[in-house]
> 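Take a look at the following structure, please.
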Amino acid sequence: MQIRAARVLSTGEVIEDVVVDKKTCDCCQTSAAITSEGPIIVYRDRSDQEVRDIYISRMVNGSWSIPKPIYNDLWKINGCPVNGPKASAFNSSLVVAWFTAADNIPKVNISFSNNNGETFDDPIQIDNGNSIGRVDVAMLDDQNALVSWMEATGDIAEIKVLKVNKNGGKKSPLLISSLSASRSSGFPQMEVLNDMVYFAWNDNSEDQSTVKTARVSVSAFD
């Protein structure tokens, strides 16, 4: 698998189609954000040694930069974990959230950047040790972000969300909903609009699949 990028004009014409990374993880979702200096892409890379950590490429002076890791988890896995990263930007601040199970220890990490993704602070672990990933992230301002993820106990999982500051300070997590821990539950989505946080996820209860939603005031995370 490759990561590619292109521009699509309003006429439908596709231009500047380029390869950003020639070898990446097969099924993990990619994410993108627009910083004050332009777009960035984050994704799970794949080395020749099957190390699959999260990498970033930035649009710099009209070209995509050489990809580099957000952090060297050194998670070696001989198969795609289907658990991609998410990114969110606020002016020159950027945050990336991701799942790793390096050394067989599952965790959700986030890392902040103050310079549009050129460098990143040390990771901050978000979960309590039972994470199955499926993350989302949204910057609230240049200092704080909301992070969502799933934690599982047996066949049941929970969507949790917490507010984290770039200095490492974390609020208590809020429980949004319980749902199946199976792959068919998909990847819960989170968006911030004005003073509200909106969630959507796939619910497989009662032998049918439906999309459920919820909303929470941003002030609930203070």
> Hey, mind stepping through Ser219 and Asp195 against side chain to side chain contact (heavy atoms under 4.5 Å, CB included) and telling me if it holds?
CA-CA 8 Å; Ser219 62; Asp195 296 325; over 6 Å; no

> Which other residues end up in the same hydrophobic cluster as Leu175, if Ile, Leu, Val, Met, Phe, Trp and Tyr are linked when side-chain heavy atoms come under 4.5 Å apart?
none

> Name all pairs fulfilling the salt bridge (charged side-chain N to carboxylate O under 4.0 Å, His left out) condition that reach into residues 159-168, sequence neighbours left out, sorted by first residue then second.
Glu151-Lys160, Glu158-Lys160, Lys163-Asp222

> Determine which pairs satisfy salt bridge (charged side-chain N to carboxylate O under 4.0 Å, His left out) with at least one residue from residues 33-42, sequence neighbours left out, and list them in order.
Glu37-Arg58

> Give every donor-acceptor pair under 3.5 Å between a side-chain atom in residues 101-108 and any protein atom, sequence neighbours left out.
none

> So, using side-chain contact (heavy atoms from CB on, under 4.5 Å) as the criterion, who are the partners of Thr11 when residues are at least two apart?
Leu9, Glu13

> Holding to salt bridge (Lys or Arg N to Asp or Glu O under 4.0 Å), I want the full list of residues that pass it with Asp17, two or more places apart in sequence or in another chain.
Arg4

> Has the side chain of Arg134 got a donor or acceptor atom that lies under 3.5 Å from a matching backbone atom of Pro188?
no

> Within the supplied structure, the quantity of interest is the number of heavy atoms (other residues, nucleotides, ligands) at a distance under 6.0 Å from Asn167 CG; does it exceed 12?
yes

> Give every residue pair that meets the ring-ring contact (aromatic ring centres under 6.0 Å, His included) criterion with at least one member in residues 62-117, sequence neighbours excluded.
Trp75-Phe99

> Return each pair, listed once, that meets salt bridge (charged side-chain N to carboxylate O under 4.0 Å, His left out) where at least one residue sits in residues 79-93; pairs must be two or more places apart or across chains.
Lys86-Asp136

> For the residue pair Ser31 and Ala87, what are the closest heavy atoms and their distance?
OG-N, 3.0 Å

> Look at atom CE of Met59 and say whether more than 12 heavy atoms of other residues, nucleotides or ligands are closer to it than 6.0 Å.
yes

> Which residues satisfy the side-chain contact (heavy atoms from CB on, under 4.5 Å) test with Ala89, sequence neighbours excluded?
Ala33, Thr35, Leu94

> Dump the intermediate steps for side chain to side chain contact (heavy atoms under 4.5 Å, CB included) on Trp201 and Ile176, then the final yes or no.
CA-CA 10 Å; Trp201 65 94; Ile176 301 302; 4.1 Å; yes

> side-chain hydrogen bond (donor to acceptor under 3.5 Å, both in side chains) with Thr119: which of Asp121, Asn116, Asn115?
Asn115

> For residues 169-181, pull every pair meeting side-chain hydrogen bond (donor to acceptor under 3.5 Å, both in side chains), keeping only residues two or more places apart or in separate chains.
Ser180-Ser182

> Are more than 12 heavy atoms, taken from residues, nucleotides or ligands other than Asp141, located less than 6.0 Å from that residue's CG atom?
yes

> Could you list who else is in Val82's hydrophobic cluster, with ILVMFWY side chains joined at under 4.5 Å, directly or through other members?
Phe187

> Can you tell me how far apart CG (Leu74) and OG1 (Thr100) are? Round to the nearest 0.5 Å.
9.0 Å

> Does a side chain donor of either Asp142 or Ser92 reach within less than 3.5 Å of an acceptor in the other side chain?
no

> Find the distance between CD1 (Ile54) and CG (Asp45) and round it off to the nearest 0.5 Å.
9.0 Å

> Got a sec: does the CD of Glu191 have more than 12 other heavy atoms crowding it under 6.0 Å?
no

> Between atom CD1 of Ile56 and atom OG of Ser111, what is the distance when rounded to the nearest 0.5 Å?
9.5 Å

> Please check this pair: side chain of Glu50 against backbone of Asn78, looking for a donor-acceptor N/O pair closer than 3.5 Å.
no

> Is there a side chain to side chain contact (heavy atoms under 4.5 Å, CB included) between Val96 and Val137? Walk through the geometry before answering.
CA-CA 7 Å; Val96 177; Val137 67; over 6 Å; no

> Return the SG to CG distance between Cys25 and Asn83, rounded to the nearest 0.5 Å.
10.0 Å

> According to the salt bridge (charged side-chain N to carboxylate O under 4.0 Å, His left out) rule, which pairs have a member within residues 19-33, sequence neighbours left out?
Lys23-Asp48, Asp26-Arg46, Asp26-Arg52

> Go through the steps for Val197 and Val161 under the test side chain to side chain contact (heavy atoms under 4.5 Å, CB included), then give the verdict.
CA-CA 10 Å; Val197 188; Val161 186; 5.8 Å; no

